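Quick caveat, the model's predicted, so the values are computed rather than measured.
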Amino acid sequence: MTHYRILLPYFRRNLGILAIGVSSLLIVDLLQLFIPRVIKLAVDDLTRYQATSARLLSYAGMVLALALGIVVFRVVWRRCLFGHSRQVEEALRNRLFAHLQTLSFSYFDRANTGDLMAHATNDVQAVQLAAGMGLVALTDTVVLGTAAIGFMLYINPSLTLIALLPMPFIALFARTISKTFYERFQKVQASFSQLTERARENLAGIRTIKAYTQETAETNRFDQTGRNYIAANLRMVKISALFSPMSLIFTNLSMALVLVIGGKLTILNTISVGDFVAFNSYLLLLTWPMMALGWMINLFQRGSASLGRIQAILNTTPEAAEISEIPEKSLTQGDIESRSLTFTYPGSNLPALEDIHLSIKPGQLVGIVGRTGAGKSTLCQLLPRLYDTPPGQLYLAGEDIHRWPLDELRRAIAVVPQDPFIFADTVRANICFGNPDASTDEMIKAAEAAHLLDEILALPHQFDTILGERGVTLSGGQKQRLTLARALLLSTPLLILDDCFSSVDLETELAILANLRRYLKARTTLIASHRLEAMRAADVIFVLDWGRLREQGSHDQLLAQKGIYAALYHRQKLEDELYEEAVSGKR
Ligand SMILES: Nc1ncnc2c1ncn2[C@@H]1O[C@H](COP(=O)(O)OP(=O)(O)OP(=O)(O)O)[C@@H](O)[C@H]1O
Ligand SMILES: [Mg+2]
């Protein structure tokens with residue numbers, strides 16, 4: 001229950017609304033309590049032969065007026081309290097989402113998307129129910145319960161005690177089953193996460209599934225997950241379904257006791273017939289608070305379980321924490337230095353980079369090459385602190401990267417990641433993603449530098465063409481060049497291209513690189529690539545192998561060294577020649 005503390009600020013913010021809502025709820029409860037009083041008066045008049053049409057009419061009028069009051073105030077409390085709970089829901093979901101945005105890459109390497117989606121939907125909703133309906137149930141249990149009992153005591157204390165005899169059993173029963181309910185509810189939530197994740201994975205991987213004709217197998221797997229979800233729900237329903245009928249049994253037991261003993265008291269004239277009728281009405285009124293008691297326990301426990309899961313995410317601190325000492329200058333230069341840079345991915349045994357010493361001057365065009373898995377992407381991701389290194393190993397513009405405010409650091413580095421990501425939006429929105437204020441001219445220039453302009457102009461609505469799921473699908477190479485244009489539009493001192501020409505042919509790649517030199521001017525540019533032919537233009541090339549820096553120098557220097565670079569280069573050259581031969585042989 002301590003989890004609820006994180007909701008306090010939202011309750012404080014809505015204090016006015018909450019006060020109106022709870023007061024209206026209290027008024028409704030109060031009005032409900034007066035209806036049996038009126039009925040008692042009517043019945044007493046009837047049994048004493050004092051009833052006249054005028055009196056009966058005035059009683060009817062009172063009942064109607066009370067009912068009208070109940071309707072009005074019920075609308076008010078529902079609007080206030082449920083409105084408040086929806087606001088809590090929205091605030092909590094936004095907070096969760098905003099927090100997720102701050103978490104580092106390594107968190108998302110471990111986290112499961114289905115789980116996260118379940119937190120943002122089911123868990124937040126469980127909290128909303130607790131904050132809304134839970135609050136109502138709590139108020140009703142306390143107020144309506146005590147007031148009804150109070151009126152009953154007023155009519156006859158000993159009869160009240162007898163009528164209440166079965167009630168402790170309800171409370172006891174509620175306590176016992178709510179524990180089981182809580183465990184089963186957690187299983188339901190976990191199983192919902194699995195279902196969401198399976199659906200997401202299937203839709204994302206639909207092309208692979210079809211290509212491997214695994215539709216039936218996947219459908220069966222999905223079916224099984226769906227069944228698990230239903231089974232978990234049914235197990236929970238078995239428990240929750242027990243609650244109302246059992247509560248009814250206990251209230252009916254009370255009714256039976258009151259009929260026998262209260263009836264006798266009425267015959268003996270200890271209480272009037274009107275009191276007897278009113279007493280029964282209060283007992284009926286008590287049924288709801290007793291059930292609300294169980295319901296409230298369920299709602300609060302569900303909400304608490306969900307809040308616990310949400311809290312666990314909110315407690316995850318972003319790994320790239322800020323360091324308070326900030327350099328006085330601003331980050332305008334792209335010179336890089338690493339001192340014995342060693343990095344191991346969380347959960348991995350082997351370092352992806354080991355003891356790297358390198359130095360890059362501002363404005364240089366730098367190649368990073370090496371076999372697959374050598375550590376190129378890792379190096380690219382460490383600079384903007386997408387993964388975090390220990391302090392003292394990586395320097396940008398003469399300062400430890402940890403000393404730059406994270407915002408400023410990331411604004412100074414444009415990264416084109418290895419797998420391009422395109423938003424389901426227009427070409428324009430995709431290119432201007434990092435710089436929404438860019439002018440059309442600047443956007444066109446970036447597209448031109450990325451060698452994409454002609455292809456964009458050939459699209460049905462040019463820059464306004466919608467891409468992605470509901471629009472045009474681009475080829476792999478087009479996507480890569482689009483993400484390149486996106487990065488070029490940010491005038492950052494440092495540009496990192498992580499293998500972003502892998503789906504582009506060599507000729508286009510060379511043309512883009514030649515263009516880029518002019519476009520980039522003083523910007524430091526890191527290009528991770530497999531294709532060594534494209535590295536000719538680089539000022540310096542670093543050769544990585546198994547996470548270690550093995551060679552460095554210009555293209556010609558490295559060829560002269562006859563080491564790893566030279567071997568890789570000659571092999572690629574040979575492959576290209578064989579390919580050319582094969583192609584020309586076919587002609
Ligand atoms: N998120 C991650 N978590 C754990 N290990 C990772 C992660 N990303 C990469 N690695 C490992 O780190 C090593 C270096 O990977 P990296 O992606 O830097 O290679 P690369 O040189 O970019 O390869 P490629 O040319 O195939 O893109 C590999 O052994 C890889 O398995
Ligand atoms: Mg890579």
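- Using modelled atom types, one side-chain atom of D539 and one backbone atom of L365 make a donor-acceptor pair closer than 3.5 Å.
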Does the side chain to side chain contact (heavy atoms under 4.5 Å, CB included) test come out yes or no for L494 and R523, once each step is laid out? CA-CA 6 Å; L494 180 58; R523 292 160 78 178; over 6 Å; no
Run the side chain to side chain contact (heavy atoms under 4.5 Å, CB included) test on T440 and I444 for me, step by step, so that the C-alpha distance in whole Å, both residues' side-chain angles and the decisive distance to 0.1 Å come before the verdict. CA-CA 6 Å; T440 304; I444 291 179; 4.0 Å; yes
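- Rounding to the nearest 0.5 Å places CD of E442 at 12.5 Å from CD1 of I431.
- Of the possible polar contacts, none joining the K187 side chain to the M236 backbone as a donor-acceptor pair under 3.5 Å is found.
- Geometric assessment of R339 against the ring of Y395 yields a positive cation-pi assignment under the 6.0 Å and 45° thresholds.
- From L92, atom CG reaches atom CG of L307 across 6.0 Å, with rounding to the nearest 0.5 Å.
- Put simply, the side chain of Y565 reaches to within 4.5 Å of the side chain of I541, judged on heavy atoms.
- From Q214, atom CD reaches atom CG of N202 across 11.0 Å, with rounding to the nearest 0.5 Å.
- Between the Q393 side chain and the T342 main chain, a donor and an acceptor come within less than 3.5 Å of each other.
- Using modelled atom types, one side-chain atom of Q572 and one backbone atom of H530 make a donor-acceptor pair closer than 3.5 Å.
- Between atom OG1 of residue T465 and atom CG of residue N430 there is a gap of 11.0 Å, rounded to the nearest 0.5 Å.
- With hydrogens and angles ignored, the 3.5 Å screen pairs a side-chain donor or acceptor of S475 with a backbone N or O of Q478.
- Residues I512 and A450 come closest through the heavy atom pair CD1-O, 3.8 Å.
- Smallest separation of non-hydrogen atoms from V416 and A487: CG2-CB, 3.4 Å.
- The backbone N or O of K479 lies less than 3.5 Å from a partner atom in the side chain of T483, making a donor-acceptor pair.
- N122 is not listed as a side-chain neighbour of S306, based on a closest heavy-atom distance of 4.5 Å or more.
- For E408 and R411, the salt-bridge test fails: no basic side-chain N is under 4.0 Å from an acidic carboxylate O.
- In this structure the side chain of I496 never reaches within 4.5 angstrom of the side chain of I527, judged on heavy atoms.
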Would you please test R385 and D388 for side chain to side chain contact (heavy atoms under 4.5 Å, CB included) and show each step? CA-CA 5 Å; R385 294 181 67 194; D388 226 6; 2.9 Å; yes
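- Put simply, the side chain of L516 reaches to within 4.5 Å of the side chain of L488, judged on heavy atoms.
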Verdict with reasoning, R93 to E90, per salt bridge (Lys or Arg N to Asp or Glu O under 4.0 Å): CA-CA 5 Å; R93 186 177 289 132; E90 188 201 5; over 6 Å; no
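- With hydrogens and angles disregarded, a donor-acceptor distance shorter than 3.5 Å links the side chain of S338 to the backbone of L358.
- Using a 3.5 Å distance cut-off with no hydrogens or angles, the side chains of Y569 and E533 do pair a donor with an acceptor.
- D223 places no side-chain N or O within donor-acceptor distance of the main-chain N or O of T219, the cut-off being under 3.5 Å.
- Note: F11 and H84 have perpendicular aromatic rings, judged against thresholds of 30 and 60 degrees for the angle between ring planes.
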N315/Q311 under side chain to side chain contact (heavy atoms under 4.5 Å, CB included): CA gap, chis, key distance, verdict: CA-CA 6 Å; N315 285 346; Q311 180 100 60; 3.6 Å; yes
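- Under the 3.5 Å distance criterion, the side-chain polar atoms of R481 are matched with a main-chain donor or acceptor of H451.
- Counting heavy atoms from C-beta on, the side chains of D425 and L467 never come closer than 4.5 Å.
- R221 has a carboxylate O that lies under 4.0 Å from a charged side-chain N of E218, or vice versa, which qualifies the two as a salt bridge.
- Residues I313 and H99 share a closest heavy-atom pair of O-NE2, 3.0 Å.
- More than 12 heavy-atom neighbours from other residues, nucleotides or ligands sit within 6.0 angstrom of CZ on F108.
- Here the closest heavy-atom approach between residue Q381 and residue Y387 is recorded as OE1-CE1, 3.3 Å.
- The two residues M535 and S529 have their closest heavy-atom pair at CE-CB, 3.5 Å.
- For the atom pair F343 CZ and T389 OG1, the distance stands at 8.0 Å (nearest 0.5 Å).
- At most 12 heavy atoms of other shown residues, nucleotides or ligands fall within 6.0 angstrom of atom NE2 in H461.
- The side chain to side chain contact (heavy atoms under 4.5 Å, CB included) test with I356 is passed by exactly one of L394, L382, L544: L544.
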Does K376 form a salt bridge (Lys or Arg N to Asp or Glu O under 4.0 Å) with D499? I'd like the steps, not just the answer. CA-CA 9 Å; K376 304 183 290 296; D499 219 347; 5.4 Å; no
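- A donor-acceptor contact closer than 3.5 angstrom is absent between the side chains of N228 and S191.
- Under the 3.5 Å distance criterion, with hydrogens and angles disregarded, no donor-acceptor pair is assigned to the side chains of E337 and S359.
- The main-chain N or O of P384 is found under 3.5 Å from a side-chain atom of R410 such that the two form a donor-acceptor pair.
- Annotation for F423: atom CZ counts as buried by contact number, over 12 foreign heavy atoms lying within 6.0 Å.
- Between L100 and Y107 there is a side-chain heavy-atom pair separated by less than 4.5 Å.
- Scanning both residues, I456 and A447, for their nearest heavy atoms gives CD1-CB, 4.0 Å.
- Using a 4.5 Å heavy-atom cutoff, the side chains of R548 and W546 are not in contact.
- Side chains of D498 and S377: a donor-acceptor N/O pair is present below 3.5 angstrom, by distance only.
- Summarising the geometry, atom OG1 belonging to T524 is positioned 8.0 Å from atom CD belonging to Q364; distances are rounded to the nearest 0.5 Å.
- With contacts defined as side-chain heavy-atom distances shorter than 4.5 Å, the pair K361/D335 does not qualify.
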